[in-house]
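The structure appears below as structure tokens.
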Amino acid sequence: MAILVTGGAGYIGSHTVLALLERGEDVVVLDNLVNASEESLHRVAQLTGKTAAFYPGDIRDSECLARVFGEHQITSVIHFAGLKAVGESVQKPLEYYQNNVAGTLVLLEAMRQAGVHQFIFSSSATVYGEHSPVPYQESMPIGGTTSPYGTSKWMVEQVLQDFAKADPLFSIIALRYFNPVGAHESGLMGEDPGGVPNNLLPYIAQVAIGQREQLSVFGGDYPTKDGTGVRDYIHVMDVAQGHLAAMDHLKQIAGFKAYNLGSGIGYSVLEMVQAFEKASGVTIAYQILPRRAGDLPAFWADAELAKQELGWQVQRGLDVMMRDTWNWQRKNPRGYRS
Ligand code: NAD
Ligand code: WQD
């Protein structure tokens with residue numbers, strides 16, 4: 001009996017693999033390493049004393065999937081694999097639809113053939129699009145996405161709903177993450193963006209370590225508490241725990257359900273800078289620039305449904321997110337290449 005984790009060498013996937021192994025689950029990882037290093041899985045093994053079986057393969061490769069399902073008694077699949085850079089998705093839409101949408105179809109077909117019916121999908125707050133009022137609730141209509149990346153997540157959710165309706169054996173949960181940040185408390189695992197980070201906290205951490213000169217704050221004139229963008233940041237280990245709670249819930253439901261994984265609290269960019277400075281003791285140089293294309297002023301989760309139905313809520317506040325990010329960055333200035 002094992003859980004297949006696609007994209008399990010990546011940022012959120014590797015932290016979830018660690019949480020699954022710590023709970024005593026057997027884990028099989030499939031990852032093509034397009035945005036990850038196998039070193040993350042070595043660190044998981046170092047921390048847990050347990051090893052996940054690893055297949056360096058692609059979710060679009062049906063023969064590879066058949067081999068994985070043939071060689072292990074898989075009972076459920078947690079599907080992280082995909083491309084995630086919003087800006088890049090605008091430049092390379094076909095790659096995003098191929099990996100994120102077509103790849104998921106190949107995976108679902110392989111599951112159907114193997115008789116594996118429990119599925120958790122990495123969705124995103126981005127599916128609420130640009131017109132939803134905050135806080136975002138799961139009952140709101142989704143769509144109005146502003147990038148091929150966001151649209152790919154929206155499309156997969158539509159596919160999953162139709163698929164679950166057509167085949168009542170399937171139980172499917174889409175987890176809509178807000179803004180995952182932070183690292184494992186050991187400082188041995190964390191987020192390892194290649195090149196210039198797209199996301200706020202990895203960028204701040206690289207300024208703190210001296211790899212980047214200053215943070216560009218995108219927009220100081222939003223209608224928010226201090227004019228900068230507001231988001232719902234969530235510790236990656238809380239995201240990992242959310243998957244364990246969703247796994248348990250899958251066994252009790254049929255069909256498709258979506259849950260927000262967020263804290264319900266919004267912090268501005270400048271609040272994030274201040275909190276990081278407090279945790280690290282390092283001053284973060286920044287300049288305020290014009291808004292970044294496609295950014296929304298402010299959004300955060302209504303976190304009640306996951307609390308009520310999954311019995312899950314965040315356990316780690318902003319101080320812990322910052323402490324763990326700094327700990328990881330300091331110990332691994334070049335990420336997993338250190
Ligand atoms: P990540 O890039 O670190 O992890 C994705 C993993 O999937 C990588 O290890 C990559 O090598 C692998 N992968 C990509 N395409 C593949 C393919 N075709 N076959 C096999 N493996 C493939 O990203 P992450 O931050 O860990 O995100 C995990 C999932 O969560 C993604 O689906 C992402 O879209 C979603 N998500 C992330 C965030 C975030 O801010 N990090 C927010 C919402 C949703
Ligand atoms: C957060 C805030 C920026 C960088 C993206 C995806 C979303 C999800 C998470 C996957 C915003 C500001 C950022 C910088 C800045 N991923 N910022 N300077 O844009 O909320 O979400 O990642 O699903 O789909 O869109 O996250 O970390 O990029 O930005 O001022 O150098 O920080 O404008 O207000 P975002 P982010």
Side-chain angles (χ1 to χ4, degrees), residues 5-16 29-38 40-41 55-61 64-65 78-87 89 95-96 98-100 102-104 106-107 121-128 145-147 149-150 152-153 156 174-181 190-194 196-204 206-207 212 214-220 222 224 228-234 236 239-240 243 261-262 266-273 286-300:
V5 181
T6 74
Y11 172 45
I12 306 171
S14 58
H15 288 79
T16 304
V29 169
L30 174 72
D31 196 307
N32 67 2
L33 301 179
V34 69
N35 194 39
S37 152
E38 206 180 332
S40 64
L41 296 175
Y55 288 77
D58 198 296
I59 52 164
R60 293 166 294 176
D61 179 350
C64 173
L65 288 173
I78 306 181
H79 177 37
F80 293 102
L83 302 179
K84 66 162 180 176
V86 174
S89 79
E95 279 188 34
Y96 275 70
Q98 264 169 8
N99 270 279
N100 295 4
T104 304
V106 176
L107 176 61
F121 173 61
S122 294
S123 189
S124 166
T126 194
V127 299
Y128 289 103
T145 43
T146 53
S147 70
Y149 169 74
S152 76
K153 292 292 176 188
V156 171
L175 295 175
R176 297 174 182 161
Y177 317 149
F178 280 67
N179 287 57
V181 296
E191 188 169 10
D192 183 15
V196 183
N198 296 310
N199 296 116
L200 178 64
L201 205 49
Y203 204 105
I204 292 177
Q206 291 195 4
V207 173
R212 316 248 162 228
Q214 63 178 346
L215 170 72
S216 299
V217 175
F218 299 136
Y222 284 114
T224 58
T228 64
V230 168
R231 297 289 183 273
D232 183 337
Y233 298 92
I234 171 175
V236 67
V239 179
H243 289 75
L261 290 188
Y267 290 109
S268 74
V269 174
L270 294 182
E271 285 175 327
M272 295 295 281
V273 169
Y286 68 84
Q287 60 173 343
I288 303 212
L289 291 187
R291 298 175 179 191
R292 183 171 67 177
D295 270 354
L296 298 177
F299 61 83
W300 57 90

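Note that the numbering runs from 1 along the sequence shown for the chain. Remember, it's 1-based here, ligands and their atoms both numbered in the order they're listed.
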Does ligand 1 come near enough to [X] that some N or O of the ligand is less than 3.5 Å from an N or O of the residue?
| X | result |
| --- | --- |
| Gly10 | yes |
| Leu30 | no |
| Phe178 | no |
| Ile12 | yes |
| Lys84 | yes |

Counting non-hydrogen protein atoms only, what is the nearest one to [atom]? Give residue, atom name and distance.
| atom | answer |
| --- | --- |
| atom 43 (C) of ligand 1 | Tyr177 CD1, 3.5 Å |
| atom 33 (C) of ligand 1 | Tyr149 OH, 3.6 Å |
| atom 8 (C) of ligand 1 | Asp31 OD2, 3.5 Å |
| atom 19 (N) of ligand 1 | Ile59 N, 3.1 Å |
| atom 3 (O) of ligand 1 | Tyr11 N, 2.8 Å |
| atom 2 (O) of ligand 1 | Asn35 ND2, 2.7 Å |
| atom 28 (C) of ligand 1 | Phe80 O, 3.6 Å |

When you measure from the side chain of [X] to the backbone of [Y], do you find a donor-acceptor pair of N or O atoms at a distance under 3.5 Å?
| X | Y | result |
| --- | --- | --- |
| Thr6 | Ala81 | yes |
| Tyr11 | Val181 | yes |
| Thr228 | Ser268 | no |
| Asp31 | Leu33 | yes |
| Asn100 | Leu83 | yes |

Which atoms of ligand 1 are found less than 4.0 Å from any heavy atom of [X]?
| X | result |
| --- | --- |
| Ser122 | 29 (C), 30 (O), 32 (O), 35 (C) |
| Leu33 | 11 (O) |
| Val34 | 10 (C), 11 (O), 13 (N), 14 (C), 15 (N) |
| Ser123 | 43 (C), 44 (C) |

Item to check | Step-by-step side-chain contact (heavy atoms from CB on, under 4.5 Å) determination, Val230 to Tyr222 | outcome: CA-CA 9 Å; Val230 168; Tyr222 284 114; over 6 Å; no
Checklist entry - Which value, rounded to the nearest 0.5 Å, describes the distance between Gln214 atom CD and Leu289 atom CG? => result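 That separation rounds to 8.0 Å.
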Item to check | Pairwise distance OH(Tyr177) to NE2(His243) - rounded to 0.5 angstrom | outcome: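 So the OH of Tyr177 and the NE2 of His243 are separated by 2.5 Å.
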Report yes or no: does a heavy atom of [X] sit under 4.0 Å from some atom of ligand 1?
| X | result |
| --- | --- |
| Gly8 | no |
| Asn179 | no |
| Pro180 | yes |

Checklist entry - Considering only heavy atoms, which of Gly82, Ser40, Gly13, Gly57 lies nearest to atom 5 (C) of ligand 1? => result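 Looking at heavy atoms only, the winner is Gly82.
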Item to check | Of the listed options Val29, Asn32, Thr6, closest to atom 22 (C) of ligand 1 (non-hydrogen atoms) | outcome: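 Going through Val29, Asn32, Thr6 one by one, Asn32 has the nearest heavy atom to atom 22 (C) of ligand 1.
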Next on the checklist: Run the side-chain contact (heavy atoms from CB on, under 4.5 Å) test on Leu200 and Met272 for me, step by step, so that the C-alpha distance in whole Å, both residues' side-chain angles and the decisive distance to 0.1 Å come before the verdict.
Outcome noted: CA-CA 9 Å; Leu200 178 64; Met272 295 295 281; 3.9 Å; yes
Compare every heavy atom of [Y] with every heavy atom of [X], then report the nearest pair and how far apart it is.
| X | Y | answer |
| --- | --- | --- |
| Val239 | Ile12 | CG1-CG2, 3.6 Å |
| Leu175 | Leu261 | CD1-CD1, 3.9 Å |
| Leu215 | Val273 | CD2-CG2, 3.7 Å |
| Ser152 | Tyr149 | OG-O, 2.6 Å |
| Phe178 | Asp232 | CB-O, 3.4 Å |
| Ala85 | Asn198 | CB-ND2, 3.8 Å |

Checklist entry - Hey, what's the ring geometry for His79 with Phe121, parallel, tilted or perpendicular (30° and 60° as the breaks)? => result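 Answer is tilted, since the angle falls between 30° and 60°.
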Within reach of ligand 1, part of [X] (heavy-atom separation under 4.0 Å):
| X | value |
| --- | --- |
| Lys153 | side chain |
| Asn100 | neither |
| Asn99 | side chain |
| Ala125 | neither |

Checklist entry - Stepwise, does the side-chain contact (heavy atoms from CB on, under 4.5 Å) test hold for Asn179 with Phe299? => result CA-CA 10 Å; Asn179 287 57; Phe299 61 83; 4.1 Å; yes
Checklist entry - Who are the residue neighbours of ligand 2 when the rule is a heavy atom under 4.0 Å from any of its atoms? => result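 Correct list: Val86, Ser124, Thr126, Tyr149, Asn179, Asn198, Asn199, Leu200, Leu215, Ser216, Val217, Phe218, Gly229, Arg231, Tyr233, Val269, Arg292, Asp295.
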Next on the checklist: Leu30 vs Leu65, test: side-chain contact (heavy atoms from CB on, under 4.5 Å). Steps then yes/no.
Outcome noted: CA-CA 9 Å; Leu30 174 72; Leu65 288 173; 3.5 Å; yes
